[in-house]
Number of protein chains: 2
Amino acid sequence: MSTIGRPRAFDEEAVLDRATEVFWQHGYEGASLSALTSAMGINRPSLYATFGSKEQLFQRAFARYHETQVTAARAALDKPSAYAAIEAFLRASADGLTAADHPAGCLSIQGGLACSPENAGISEILAAGRAATEAALAERLTRAVDEGDLSDDTDVRALARFVMALSEGHAVHAAAGASREDLQASVDIALRAVGALQRR
Amino acid sequence: MSTIGRPRAFDEEAVLDRATEVFWQHGYEGASLSALTSAMGINRPSLYATFGSKEQLFQRAFARYHETQVTAARAALDKPSAYAAIEAFLRASADGLTAADHPAGCLSIQGGLACSPENAGISEILAAGRAATEAALAERLTRAVDEGDLSDDTDVRALARFVMALSEGHAVHAAAGASREDLQASVDIALRAVGALQRR
DNA sequence: ACAGCAGTCTACCGCTCGGTACAGAAGTGA
DNA sequence: TCACTTCTGTACCGAGCGGTAGACTGCTGT
């Protein structure tokens, strides 16, 4: 298929990554179109022709972010035991939240926990993403119960929620400037709880 | 002192509470002046004459919120043992985050984790408030170490951060609709970690 | 009674927001 | 070469933002 007409002067995924960073730092509502286009190095009509609207751009950015995040999380969940899976999840999360190659914290949290009423959909998209991660975690823990790795009376939903909540709290801390070591020390403590469960 | 001139037609603290709820639900930037004045039952000039600006109104709202929150937290920290203090803190936090008489979640989180660059000060104010709570927690735990209630090698800063992070994660969950019972079940798990520390 | 003060109300300010019309530029196919 | 298609750039749109001017209202002190 030949491309007829004037070719694009930018790479779609590259500018999407730049947009993601702006959303990540300032949230959906805090990221103005001027800030976005400036960071992306394109102008408004190009943005609208390529992505449709600010909201659709955000959805693309979040989908991409979540996909890579879930990939990393999936790797953690493949560990052989529930304890190892949770540890890997929390350690990778703490690392990712404080990595130097992107903004601190987590787009799922920074993006728009609270929004003006007309952007309530953004909060819901983010919440759905977090819920999906939590569900994947719960599924892994259910398997651990089935395999006898966790005792039968383990409250799997609560454990998954605990791990997610801690990870989200770490995201809040990371956005406020906490270091990797700060978060990992907190993970150390959390793992005592998980260890206590496993020894049953 | 006599009040000369026309008297106010509203109670300052009452309308401040209404404003707090709007900020709590929609965040600083998501709360428009129209939404605020409508909820407060006053009009713009009255708001500006009384509170100065949107930002000052937010600061008043947050100060009031934080004061009452800290009062509740202080009560938890007065418990005789570190374990009891942490448990009371997390239980009260979970209750408060899901109480029916105000919006779900926590103003310190909902208010504006991410902001547009010109409102970066809001994020900082909120972060400072959370840091103050964490510091109070750390201070209480330091005392517990001094009293032999926690072992000497306890990482007090990490433990305080762990508790705060979990509480903040619960705030995220509460804002997304988690119930009191959901959060308390997560607290149950967290307390195993604290118990493991205390048994040393 | 009435002057003077402080609060209220309507209507507006400049500005930025997300989004777009339209002209020109950069390619393709004949 | 030139019609055709598609992207780029400027300049703009209506709407809503935070904030305010100025007329009006209700109360107090003399």
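Labels below follow one simple rule: chain letters A, B, ... track the order of the sequence lines, proteins then strands, and each chain is numbered from 1.
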Please determine if a side-chain N or O atom of [X] lies less than 4.0 Å away from the OP1 or OP2 oxygen of [N].
X	N	answer
B:S32	D:dC17	yes
B:N43	C:dC9	yes
B:S46	C:dG7	no

Interatomic distance where [atom1] belongs to [X] and [atom2] belongs to [N] [whole Å]:
X	N	atom1	atom2	value
A:H26	C:dC17	NE2	P	12 Å
B:M40	C:dT8	CE	P	11 Å
A:L47	D:dC7	CG	C1'	14 Å
B:F10	D:dT25	CZ	P	19 Å
B:N119	D:dG18	CG	P	9 Å
A:F58	C:dG19	CZ	P	14 Å
A:E29	D:dC17	CD	P	11 Å
B:Y48	C:dC9	OH	C1'	16 Å

- Listed partners of B:F58 passing ring-ring contact (aromatic ring centres under 6.0 Å, His included), at least two apart: B:F23, B:Y28
- Query: Within the modelled atom types, does a donor on one side and an acceptor on the other bring the side chain of A:R44 and the base of C:dG19 under 3.5 Å apart?
  - Reply: yes
- Distance-only side-chain donor-acceptor flag, A:E29 / A:S116, under 3.5 Å: yes
- Task: For B:E134 and A:H173, test the side chains for any donor-to-acceptor distance below 3.5 angstrom and give the result as yes or no.
- Result: yes
- Query: Hey, does B:A35 reach any base, or is it just sugar-phosphate, or nothing, if we go heavy atoms under 4.0 Å?
  - Reply: nothing
- Message: Any non-hydrogen side-chain atom of B:L113 less than 4.5 Å from a side-chain atom of B:L126?
- Response: no
- Can you pull the side-chain hydrogen bond (donor to acceptor under 3.5 Å, both in side chains) pairs that have at least one residue in residues 80-101 of chain A, sequence neighbours excluded? A:E87-A:R91, A:R91-A:Q184, A:R91-A:D188, A:S93-A:S167, A:D95-A:R180, A:D95-A:Q184
- Item | Salt-bridge contact A:D182-B:R157 (side-chain N to carboxylate O under 4.0 Å) | yes
- Query: Above 12 or not: heavy atoms from other molecules or residues under 6.0 Å from CD of B:E139?
  - Reply: no
Are there any protein N/O atoms within less than 3.5 Å of an N/O atom in nucleotides 24-27 of chain C, and if so, which ones and at what distance?
| from | atom 1 | to | atom 2 | distance (Å) |
| --- | --- | --- | --- | --- |
| C:dA25 | N3 | A:R6 | NH1 | 3.2 |
| C:dA26 | O4' | A:R6 | NE | 3.3 |

- Task: Taking only the side-chain heavy atoms of B:L33 (C-beta and beyond), determine which of C:dT8, D:dT8, D:dG19 contains the nearest atom.
- Result: D:dG19
- Go through D:dG9, C:dC9, C:dG18 for me and flag the one nearest to the A:P45 side chain. D:dG9
- So which one's nearest nucleotide on DNA chain C is more toward 5', B:R8 or B:E118? B:R8
- Task: Could you pick out which residue, B:G52 or B:S34, lies toward the 5' side of DNA chain D when each is mapped onto its nearest nucleotide?
- Result: B:S34
